[in-house]
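Input: a single structure, listed below in C-alpha cells.
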Amino acid sequence: MAIIRDAGALVGTNEETLQEVAAGATHEGAEVDVLGSNSADGTLHLYVVTQGAAEGSVDVQLNQRRVSGQAYKDPSTVLNVPVSTTKQLFKRGYYEVDRYAQVTVTNNDASNPVQVAVLYNVVKYS
C-alpha cells in the first residue's frame, strides 16, 4: 500500500491569491479530482483563508462527488468561517473524501465583497 500526500485548491489558488465573492453572492467552485483514481481512498484536510472590507462571515459547504458531475450537496459540511479586515487562516477539519470534491462559498455580508481561498491537503491510500 502506498501513502501519498498532495495539496491543492478548491477555491482561489493559495494563501496569497484569493477568489473574490461579491456582496451577498454565492461562488460555486470547480470540481476537483482530489484522489486521482478510483483505486485510492483518502482523508481531506481543509483550510480556509478569508479577508474582507468589514467584519462578517462566509459559509463554506464541502460537496463530495462519487463520480464526476454528480451534484450531491452535503448540508452537514456547512462551515461558518469569520471574515476580518486582516487575512485570517483557519484549519477546518478532516473529512473522509470521495474521489471528487467541490465547494460552495456564500458571502453572508450583503454590503461588502470578501476574498476567500479554500485549500486542502489530502492523504491518499492506494
Side-chain angles (χ1 to χ4, degrees):
M1 175 170 65
I3 300 173
I4 301 166
R5 288 180 132 330
D6 202 3
L10 297 168
V11 172
T13 305
N14 54 40
E15 288 81 359
E16 301 304 318
T17 307
L18 310 180
Q19 170 72 44
E20 182 170 297
V21 180
T26 298
H27 174 77
E28 296 283 336
E31 180 180 275
V32 177
D33 185 354
V34 295
L35 293 179
S37 79
N38 286 328
S39 63
D41 193 9
T43 304
L44 194 72
H45 306 244
L46 202 62
Y47 301 85
V48 180
V49 182
T50 63
Q51 186 170 5
E55 301 292 320
S57 69
V58 294
D59 289 335
V60 176
Q61 181 175 4
L62 175 63
N63 303 304
Q64 298 189 49
R65 296 178 177 181
R66 192 174 63 83
V67 297
S68 181
Q70 288 182 334
Y72 287 109
K73 300 286 184 181
D74 186 358
S76 69
T77 60
V78 175
L79 310 168
N80 185 268
V81 182
V83 174
S84 178
T85 56
T86 59
K87 188 180 293 180
Q88 300 186 85
L89 291 80
F90 300 96
K91 184 171 183 180
R92 293 304 308 206
Y94 302 94
Y95 301 91
E96 288 290 321
V97 66
D98 292 327
R99 180 168 177 179
Y100 301 92
Q102 180 267 338
V103 294
T104 301
V105 179
T106 302
N107 181 358
N108 295 321
D109 186 337
S111 302
N112 299 293
V114 297
Q115 304 290 322
V116 179
V118 181
L119 311 171
Y120 68 87
N121 283 340
V122 64
V123 178
K124 298 185 252 186
Y125 310 96
S126 60

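All values below come from the heavy atoms of this structure, side chains included, with hydrogens, waters and symmetry mates left out.
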Exercise. At their closest point, which heavy atom of A40 faces which heavy atom of L35, and how far apart are they?
Worked result: O-CD1, 3.6 Å
For this session: Can you tell me which residue pairs pass the salt bridge (charged side-chain N to carboxylate O under 4.0 Å, His left out) test with a partner in residues 111-126, sequence neighbours excluded?
Result: D6-K124
For this session: Just do the side-chain contact (heavy atoms from CB on, under 4.5 Å) check on L79 and L46 with the steps written out, would you?
Result: CA-CA 11 Å; L79 310 168; L46 202 62; 3.9 Å; yes
Exercise. For the residue pair A54 and N112, what are the closest heavy atoms and their distance?
Worked result: CB-ND2, 3.5 Å
For this session: Measure the shortest side-chain to side-chain distance between V83 and D109 over non-hydrogen atoms and say whether it is less than 4.5 angstrom.
Result: no
For this session: Answer yes or no: is there a side-chain heavy-atom contact under 4.5 Å between V116 and H27?
Result: no
Exercise. Is there any salt bridge (charged side-chain N to carboxylate O under 4.0 Å, His left out) pair reaching into residues 11-23, and which pairs are they, with sequence neighbours excluded?
Worked result: E16-K87
Exercise. Between the main-chain N or O of T85 and the side-chain N or O of Q51, is there a donor-acceptor pair closer than 3.5 Å?
Worked result: yes
Exercise. Is it true that Y100 and V60 fall in one hydrophobic cluster, defined by side-chain heavy atoms closer than 4.5 Å?
Worked result: no
Problem set entry | Whether Q61 side chain and V78 backbone form a donor-acceptor pair below 3.5 Å | no
Seminar exercise, completed: The complete set of salt bridge (charged side-chain N to carboxylate O under 4.0 Å, His left out) pairs with one or both residues in residues 28-57, sequence neighbours excluded, reads E28-K73, E31-R65, D33-R99
Problem set entry | Closest non-hydrogen atom pair between A7 and N121, with its separation | CB-OD1, 3.2 Å
For this session: Please test V21 against V11 for side-chain contact (heavy atoms from CB on, under 4.5 Å), starting from the C-alpha separation and ending with a verdict.
Result: CA-CA 10 Å; V21 180; V11 172; 5.8 Å; no
Seminar exercise, completed: Scanning both residues in full, the closest heavy-atom pair of A23 with A110 reads CB-O, 3.5 Å
Exercise. Taking all atoms of both residues into account, what is the closest heavy-atom pair of A101 and L62, and its distance?
Worked result: CB-CD1, 4.2 Å
Problem set entry | Connected-component partners of L18 among ILVMFWY, side-chain separation under 4.5 Å | Y47, V49, L89, L119
For this session: Kindly write out the residues that satisfy side chain to side chain contact (heavy atoms under 4.5 Å, CB included) with Y125, not counting sequence neighbours, or none if the list is empty.
Result: M1, I3, T43, V123
Exercise. OG1/T50 to CZ/F90 distance, rounded to the nearest 0.5 angstrom?
Worked result: 4.5 Å
Seminar exercise, completed: So CG of D98 and CD of Q64: to nearest 0.5 Å the spacing works out to 5.0 Å
Problem set entry | V122 and V97, any side-chain heavy atoms less than 4.5 Å apart | yes
Problem set entry | Residues which pass side chain to side chain donor-acceptor pair (under 3.5 Å) with T26, listed by chain and number, not counting sequence neighbours | T106
